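Here the structure comes first, spelled out in structure tokens, and everything after it is commentary.
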Protein chains: 2
Amino acid sequence: MSQSPKPQRPTDPAKAAPSPKPSAPSARSSEPSRRSSEPSPRSSEPSPRSPEAPPPPVPTSADVARLAGVSRATVSYVLNNAAAVRISEPTRRKVREAAEELGYVPHAAARTLRAGHTRIVLLPTSHVPAGPLYSAFLDDLQWALRRLDYTVVQYGSLGLSGDQAARAWAELRPVAVISLGEIVLSARNVATLERAGAKAVITLGPVGVPGAHALVLDQGEVGAAAALHLVERGHRRIGVVVPEEPGLELFSAPRLAGARSVAGAEVEPVPLARTEESAGRLARRWRSLGLDAVYAYNDEYAMLLMRAFQDEGLRIPGDVAVIGADDLLLGRLLRPRLSTVRIQMPTGDYLAALVDRAVREGAEPAERHGLMAASAIPREST
Amino acid sequence: MSQSPKPQRPTDPAKAAPSPKPSAPSARSSEPSRRSSEPSPRSSEPSPRSPEAPPPPVPTSADVARLAGVSRATVSYVLNNAAAVRISEPTRRKVREAAEELGYVPHAAARTLRAGHTRIVLLPTSHVPAGPLYSAFLDDLQWALRRLDYTVVQYGSLGLSGDQAARAWAELRPVAVISLGEIVLSARNVATLERAGAKAVITLGPVGVPGAHALVLDQGEVGAAAALHLVERGHRRIGVVVPEEPGLELFSAPRLAGARSVAGAEVEPVPLARTEESAGRLARRWRSLGLDAVYAYNDEYAMLLMRAFQDEGLRIPGDVAVIGADDLLLGRLLRPRLSTVRIQMPTGDYLAALVDRAVREGAEPAERHGLMAASAIPREST
DNA sequence: TTGAAAGCGATACCAT
DNA sequence: ATGGTATCGCTTTCAA
């Protein structure tokens, strides 16, 4: 076992011939099959795209070096503006021109492998939650992260289990993962990611995840703000819409609980699907429920429900008060104008800074609460 | 040059001592700095996360091999279910258990480098266009691509120029790029990507891109369908909303042109921002415009405008007919119910199959038209 | 100032 | 049935 390495055949036949390269690597590396050491098949023309020519090999830094008449090391120095080494200006220009001419783009995988780490911040996406609130937040976050020189990669994780997802993400060796809460991570998953080099696993959602930096956005506050508002308006018997669509439980359950926590509120869960039919059915049996107000989960469900109530002859807010959440534009367009709960998300800058700190200083995982402020916006529907 | 390799120092000091490992690789590779060849610092415990311990090295296939008592080759065979090689069942189990125990996850970059290509399909995203139509399409596409074993990566490209973006994408060596039209690619950019190994550059949008597989989704059809519908209903003086929000010109201009192309329609462009104020202003000067119908770009703008009209005392469709586009749920909730144009996008399966064919057979770039069907859905607002 | 070369991790040949 | 090992492209040390 512990015998020293026996160089039965010369350690590296290829490297033995530095400059002109031995005629051809013969049938050596047979698998990747492409690649012929000379970038252009022969001529120097830009190759007018012959119909069935094998795809031209991707230029490497070695190609650039050859064209510029320097070593690969020099190419690397120039292209990365290496500060520790001084390269003459003529050489720099030669290198840059060669790179330009070949259309050279460095190979991220090779760099990653060499460096031992990436600057990838991975954002899992499953369903794009389509809300303008969310969109703006996402744009903001990406922007802030790029300013800090991270590469933002959204990884489509639709329909993956937590385990599958964690493995798939880990393969990319992201330096950080920011889970927006669509996929529920277990402590195991967090461990997988950290073993794969992730310096920060941040979850943004209604529940904390053991081992991760959790920004707990307490959805309960949303429900509480809504219920409190209704109670203050003199309502007591409050229906709370619980969407029937799967995947929303993580949000709806805490919102319901938050509403329940409000003193003076008698809360009744009300299942509702995001369809006209479901809303119609609910409206028709509404009077039998004996409720005088409803918190409709969010503005979309609220709109749906308001319409159904109105078609049923119920007056808003006279017969039933309605409040939504998310402060969508459409709420202001409804008549009566929809009261809502506005949710304050952490800014992209804040989150990006958190990532950066964790990456650089290895901040301890912790749960942060109270980052999400929820406040009722009274309009005409309550 | 052709001197045989001179092993000044043993080719690989690490490999020389498989089991106990030579104290440390001294100050050899100083840059990546981490990595100490032994996965666990010493003990076999899962390490109770000592406060300031250096991060444990990421396990590699070599670690798995060592733990399982086999070679790295064997590990690779087992973990990839290599068909060409038969490995005994006990060995397989040993390897799998070792991998499991270490929480081994293969390093995508290393595999990529070795393989010479990736299975990444890159979807640039800049603004998340937030429409449910778009979301559904995206989900669909990701799903279809994953079924074909591609890795879908959305690359946040907010605020990058075409050149910057193309370079950044090319670094990842994606096997295909599907540009959803938010970023406008030039022929140069396409060339950059193809030189970097992309087998297919597909653009999906109102305009074709030279050199790319272009799925031209002719937005003109949407405008035409809307205008035609209005003309058939007896309207002639038709306003066409042109959103003032930046980034929508690529869609709004062809839609406007499409409306203009309809015989019998007298089209007037109408700028409108996605705010209540803008809609209110427009509604107030509406009567002076002498128009009897409006195609409001999409359902959101239509809703905005309908509300403003109604607040202004204009009757719909009596005084002004309104039609939107995208067939959003909210259209059916408005009163009167909003007529709309439903847009038929190519399915994710179709697009995924197109990618796959291009990747495997190197299909020639071509423009495909007529993939987008648009049909008016009459409801009550026209 | 530049070049030679080691080596990051995984894979698939070619031996055994 | 397994193991040794060259290789992918890039960065960076060390030597010249």
Side-chain angles (χ1 to χ4, degrees), chain A residues 1 5-16 18-19 25 27-32 34-35 57-65 69-80 82 84-92 95 104-117 171 173, chain B residues 1 5-15 25 27-32 34-35 58-65 69-80 82 84-92 95 104-117 171 173:
Chain A
M1 241 241 187
K6 27 173 187 173
Q8 291 190 347
R9 83 175 55 200
T11 318
D12 185 350
K15 265 175 206 150
S19 267
R28 289 248 69 256
S29 73
S30 68
E31 187 262 326
R34 56 186 200 68
R35 177 147 312 281
V58 180
T60 71
S61 76
D63 295 324
V64 176
V70 300
S71 75
R72 281 153 63 225
T74 306
V75 171
S76 179
Y77 291 143
V78 172
L79 264 31
N80 294 309
V85 158
R86 303 186 55 78
I87 307 276
S88 69
E89 199 45 54
T91 304
R92 302 188 101 88
V95 169
Y104 170 72
V105 174
H107 194 309
R111 173 180 293 167
T112 289
L113 194 53
R114 172 63 223 223
H117 63 260
E171 291 195 357
R173 299 291 190 266
Chain B
M1 48 168 205
K6 27 173 188 173
Q8 291 188 349
R9 81 176 61 197
T11 315
D12 184 348
K15 263 175 210 150
R28 287 248 69 253
S29 73
S30 67
E31 187 261 328
R34 56 184 201 69
R35 177 149 310 281
V58 180
T60 71
S61 75
D63 294 322
V64 176
V70 300
S71 74
R72 281 154 65 226
T74 305
V75 171
S76 178
Y77 292 141
V78 171
L79 263 30
N80 294 306
V85 158
R86 302 184 56 77
I87 306 277
S88 69
E89 200 44 53
T91 302
R92 302 188 99 88
V95 170
Y104 169 73
V105 174
H107 193 309
R111 174 180 290 165
T112 289
L113 192 54
R114 172 63 227 224
H117 62 260
E171 290 195 356
R173 298 291 189 269

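Only this structure's heavy atoms are used, side chains among them; waters, hydrogens and symmetry mates stay out. Not measured: the values here are computed from a predicted model. Chain letters run A, B, ... following the sequence lines, proteins first and then strands; every chain starts at 1.
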What about A:Y77, does its side chain sit under 3.5 Å from the base of D:dC10 through a donor-acceptor pair?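 Flag unset: no donor-acceptor pair detected.
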
Across the strands shown, which category fits [X] at heavy-atom distances under 4.0 angstrom: base, sugar-phosphate, nothing?
X      : result
A:S61  : sugar-phosphate
B:T112 : nothing
A:V75  : nothing

Side chain of [X] only, please: which of [options] is the nearest?
X     : options              : result
B:S71 : D:dG9, D:dG3, C:dT2  : D:dG3
B:T74 : D:dC10, C:dG9, D:dT2 : D:dT2
B:S88 : D:dC10, C:dT2, D:dT2 : D:dT2
A:T60 : D:dT2, D:dG9, C:dT11 : D:dG9
B:V85 : D:dG3, D:dG9, D:dT2  : D:dT2

Restricting to side-chain hydrogen bond (donor to acceptor under 3.5 Å, both in side chains), what partner residues turn up for A:T74, sequence neighbours left out?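 Scan of A:T74 (side-chain hydrogen bond (donor to acceptor under 3.5 Å, both in side chains), adjacent residues dropped) gives A:S71.
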
Using rotation axes that map the C1' atoms of four end pairs onto the next four (five pairs an end), what angle separates the end axes of the helix from C:dT1-D:dA16 to C:dT16-D:dA1, to 10°?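 Result, rounded to 10 degrees: 50°.
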
Please tell me which of A:R86 and A:A73 maps to the more 5' nucleotide of DNA chain C, matching each residue to the nucleotide holding its nearest heavy atom.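 Result of the comparison: A:R86.
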
By side-chain contact (heavy atoms from CB on, under 4.5 Å) - contacts of A:A82 (at least two apart):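 A:Y77.
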
Testing the basics here: between A:R72 and A:S61, what is the closest heavy-atom pair and its distance to 0.1 Å?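 So the two residues come closest at CG-OG, 4.0 Å.
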
Pair A:T112-B:H107, side-chain contact (heavy atoms from CB on, under 4.5 Å): steps then yes or no: CA-CA 10 Å; A:T112 289; B:H107 193 309; 3.8 Å; yes

